[in-house]
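Notes follow the structure.
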Amino acid sequence: MGSNADKEGSDSFGWDTEDEQELMLPSSASPRCFGNGFVGCSDEASSSAGPSTKLISHFVGMGFSRDMVLTAIDENGEANTDAILETLLTYSALEKSPPKTEHVACEGEQFASEWSSSESAGDFLDDFSDEDYVGSEDNDENLSEMERTLKQLVGMGYPAAEAAIAIERCGQDASIMELTDFLCAAQMAKAADALLEELPRFGSNEGEQRRNYFNGDPRKKKRFYADDNWERKRQKQRVRHRDPNEEIDTTIIPNPMVGFGIPGEPWRARHQRTLPDEAIGPPYFYYENVALAPKGVWSTISRYLFEIEPEFVDSKYFSAAARKRGYIHNLPIGNRFPLLPIPPQTIHEALPMTKRWWPTWDSRTKLNCLQTCLASAQLTDRLRKAVEDYNDNPPLNIQKYVMEQCRKWNLVWVGKNKVAPLEPDEIESLLGFAKNHTRGGGISRTERLKGLGNSFQVDTVAYHLSVLKDMFPNGMTVLSLFSGIGGAEVALYRLGIHLKTVVSVEISETSRNILRSWWESTNQSGNLIDIDDVQKLDADKLEQLINSFGGFDLVIGGSPCNNLSGSNRVSRDGLEGKHSSLFYDYFRILNQVKVIMAK
DNA sequence: AAAAAAATGATCGTTGGC
DNA sequence: GCCAACGATCATTTTTTT
């Protein structure tokens, strides 16, 4: 993925920072209060004189001009934030809605900083009011499709803020049914969240094995609401989504990172767990992403996915390379079995030719995480020069430097004093694919490496999926989202599970080609349908697919991690990042599938 | 020979678990 | 304190295609 996950306008007003998300938490247990985005904020605002800067900047941050916001607050009063938002939306609809929302959608960050310079505020309205402002009748003819839908949803009793988000997430031309599904699911997720605040959800009443996975501290939330730096932070050029006073992530990553169990260690495995009713299939589902995401991300993901506890697993227990990932799924966890043959577990077994050249002072037995970037030839050359003057025994400082670089870039010894990055076919093997899985057919080496870097580790995923084999002796119908180079498909295939129909959604053409070519070279008798964009997979399309195949047995996928990964220094923006926010499409599609299949 | 695509290399912080 | 982390961007060179 990477270049492929972009979606015009997939960022949105509404959920673009965790601050706002935090503010949207209901303060009462009433599920219908969700939409009031300011339960926490307006209390505070009402106690101070004049419009709260927080309130103003919140709306400005959503892309409305300061003038507009002030007027809207004037009209509605500060407390009624839903009404303010509606007024604002109406203003923009009357003026000309596209420029506002699109601008915000694509350039949220610059936008925020734009407004931090004092006097650019206020011209937004002017910008388009003199263009093609036609008439101000408040009738539907002047409203865009989106505004009409919005009105309709508001008319149905949904808060405007939520409705706007739903349209954003489901796409402008989503059907009302689709939108209400989304809203319904979102409300359930938030209701659960509200409960979470009140109860010690995962208590220790299940004994030692069930460790506390959330342990929220409500006091910290209070401190957050009292934080006056909100506006300043929001306007920093690089919006930082992490903040000490923000929602505390209470996700506990187990050590060792073996999830609910790994092959060969039955004494450590869990065999039972209790899933909430809403989480139980059909369909089964399986979601994946990087384990070491910014704080709060996994608890958010979990909240959306029925509050199922993530299973964190490092693939170093399945192969010779580390890969720390979290998985949320509703599969049974007893009676798993590993793929055979068990792949080599050490670097030397996986790459026998390196053994001969491996210096005694390089103690690595496992590789670090396989990523999308490789070391340069220059670097390996520098390392060669650093080492070759010493006869197999460089001084400690040289050893230290070389080892640092080797770990950082996952280098292996391929000759006397020679280190090198892994070759694509070696990465394929380490990830559980056949050699040349990604080779040929017009795929460049760079794209190969990118696809591989973003892939599942097949043995790991297959171990989790193995429980399906006995349950589906006649094969499965699979919806594979963000398929990439087909890790899920390969895992199922290698388990000997027949693939009846696979609907695969993958934006990258080269990745689709790789999957298609694998499908053909393995002589699959089933049907592979590919779709390029998750946003094209709307309720209608799903209904059509489900009607023709009789429903999905499994919905599987890992959404883009690039805004979550620690390697990303530029845009580690969290779950609301440009790419990683596609998680919400996973959530949306899963719920739509459930709804449609329930009928 | 020009244009397009692919490859290369340098450089860029922060976070969070242990 | 140590260490790891499905990355992004830019300029430049090299290779391939037209």
Side-chain angles (χ1 to χ4, degrees), chain A residues 1-6 109 238-244 246 248-257 287-298 312-316 319 321-327 363-364 366-382 400 403-410 421-422 424 427 430-433 438 442-458 460-461 482-485 487-488 508-511 557-574 577-580 582-583:
Chain A
M1 301 234 177
S3 66
N4 39 40
D6 307 56
E109 296 194 357
R238 260 185 74 192
V239 178
R240 304 212 185 279
H241 299 282
R242 288 280 308 110
D243 177 276
E246 244 171 50
I248 19 156
D249 187 357
T250 50
T251 308
I252 292 171
I253 296 184
N255 182 24
M257 203 189 284
Y287 174 81
E288 178 259 12
N289 216 319
V290 291
L292 305 176
K295 277 201 171 178
V297 166
W298 273 106
F312 292 106
V313 184
D314 188 337
S315 292
K316 76 178 179 187
S319 75
R323 206 168 189 77
K324 299 179 182 65
R325 295 294 179 270
Y327 307 89
S363 58
R364 290 176 298 161
K366 299 271 185 185
L367 292 162
N368 281 337
C369 185
L370 307 169
Q371 302 188 91
T372 53
C373 300
L374 291 187
S376 68
Q378 310 279 320
L379 175 68
T380 59
D381 196 44
R382 266 176 266 144
K400 189 178 174 221
M403 285 312 302
E404 256 176 37
Q405 297 300 313
C406 285
R407 287 185 217 271
K408 180 171 175 185
W409 292 102
N410 249 342
L422 296 168
I427 301 177
L430 289 163
L431 289 175
F433 293 93
T438 58
I443 288 115
S444 77
R445 182 187 155 89
T446 315
E447 284 172 313
R448 255 184 112 177
L449 290 167
K450 202 166 181 183
L452 285 162
N454 286 321
S455 171
F456 285 172
Q457 205 289 328
V458 171
T460 311
V461 172
F482 314 104
S483 309
I485 62 172
S508 153
E509 189 188 348
T510 54
S511 289
S559 60
C561 68
N562 38 1
N563 303 121
L564 310 178
S565 160
S567 305
N568 189 341
R569 303 165 175 200
V570 181
S571 53
R572 195 184 188 187
D573 298 335
K578 192 174 181 186
H579 308 282
S580 295
L582 290 178
F583 158 72

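Note that the coordinates shown come from a computational prediction; the quantities given were computed from them, not determined experimentally. No hydrogens, no waters, no symmetry mates; every other heavy atom, side chains included, goes into these values. In what follows, chains carry the letters A, B, and so on, assigned in the order in which the sequence lines appear, proteins first and then strands, with residues in each chain numbered from 1.
Taking every side-chain heavy atom of A:V290 into account, C:dC6 is the closest of C:dA5, C:dC6, B:dG9. Nearest to the side-chain atoms of A:R323 among the listed nucleotides B:dG9, C:dC6, C:dT9 stands C:dC6. Listed candidates were B:dG9, C:dC6, B:dA6. Nearest to the side chain of A:S444 is B:dA6.
Phosphate proximity of B:dG9 to A:Q378: present, with a side-chain N or O under 4.0 Å from OP1 or OP2. The side chain of A:T446 contributes no N or O atom lying less than 4.0 Å from OP1 or OP2 of B:dA6. Between A:N562 and C:dA8 there is a side-chain polar atom (N or O) within less than 4.0 angstrom of OP1 or OP2. Using a 4.0 Å cut-off, some side-chain N or O of A:R325 falls inside it from OP1 or OP2 of C:dC6. Neither OP1 nor OP2 of C:dC3 sits under 4.0 Å from any side-chain N or O of A:K408. Under 4.0 angstrom from either OP1 or OP2 of C:dG7 there lies at least one side-chain N or O belonging to A:T372. Between A:S376 and B:dT8, a side-chain N or O to OP1/OP2 separation shorter than 4.0 Å is absent. An OP1 or OP2 oxygen of C:dC6 is reached within less than 4.0 angstrom by no side-chain nitrogen or oxygen of A:R572.
A side-chain donor-acceptor contact under 3.5 Å links A:R572 to the backbone of A:L564.
Among the protein residues, A:C561 comes within range of the nucleic acid bases, having at least one heavy atom under 4.0 Å from a base atom. Residue A:R448 is classed as having no contact, given no heavy-atom separation below 4.0 Å to the nucleic acid.
The two residues A:T380 and A:P421 make their nearest non-hydrogen contact at CG2-CD, 4.0 Å. A:E447 and A:G442 make their closest contact through OE1-O, 4.4 Å (heavy atoms, listed as atom of the first residue, atom of the second, distance). Of all the heavy atoms in A:C561 and A:V290, the pair that sits closest is CB-CG1, 3.9 Å.
In the interface, the side chain of A:Q457 is not paired with the base of C:dC6 through any donor and acceptor atom under 3.5 Å apart.
Residue whose closest nucleotide on DNA chain B sits further toward the 5' end, between A:A375 and A:E447: A:E447. Map A:R445 and A:S567 each onto its nearest nucleotide of DNA chain B; the residue landing nearer the 5' end is A:R445. When the nearest nucleotides of DNA chain C are assigned to A:E404 and A:A291 by heavy-atom distance, the more 5′-ward of the two goes with A:E404.
Under 3.5 Å, the side chains of A:N568 and A:S565 contain no donor-acceptor pair of N or O atoms. Remark: the A:S315 side chain and the A:R323 side chain contain no N/O donor-acceptor pair separated by less than 3.5 Å.
Atom CG of A:L292 is separated from atom P of B:dG13 by 22 Å (rounded to the nearest Å). Across the protein-nucleic acid pair, A:R569 atom CZ and C:dC10 atom P stand 16 Å apart, rounded to whole Å. C:dC6 atom C1' lies 12 Å from atom OH of A:Y287, rounded to whole Å. Atom CG of A:N410 and atom C1' of C:dG7 are 15 Å apart (whole Å). Distance, A:N563 CG to C:dG7 P: 11 Å, rounded to whole Å. Summarising the geometry, the separation between CH2 on A:W409 and P on B:dG9 is reported as 11 Å, rounded to the nearest angstrom. As a whole-Å value, the separation of A:F433 CZ from C:dC6 P is 16 Å. Summarising the geometry, the separation between NZ on A:K578 and P on C:dT9 is reported as 8 Å, rounded to the nearest angstrom.
When both pairing distances are held under 3.5 Å, C:dT14 makes a Watson-Crick or G-U pair with B:dA5. Nucleotide C:dC6: unpaired (no Watson-Crick or G-U wobble partner with both distances less than 3.5 Å).
Atom OG1 of A:T510 is separated from atom CZ of A:R448 by 12.0 Å, given to the nearest 0.5 angstrom.
B:dT11 and C:dA5: their P atoms are spaced 23 Å apart (whole Å). A distance of about 24 Å separates the P atoms of B:dA10 and C:dC6, rounded to the whole Å.
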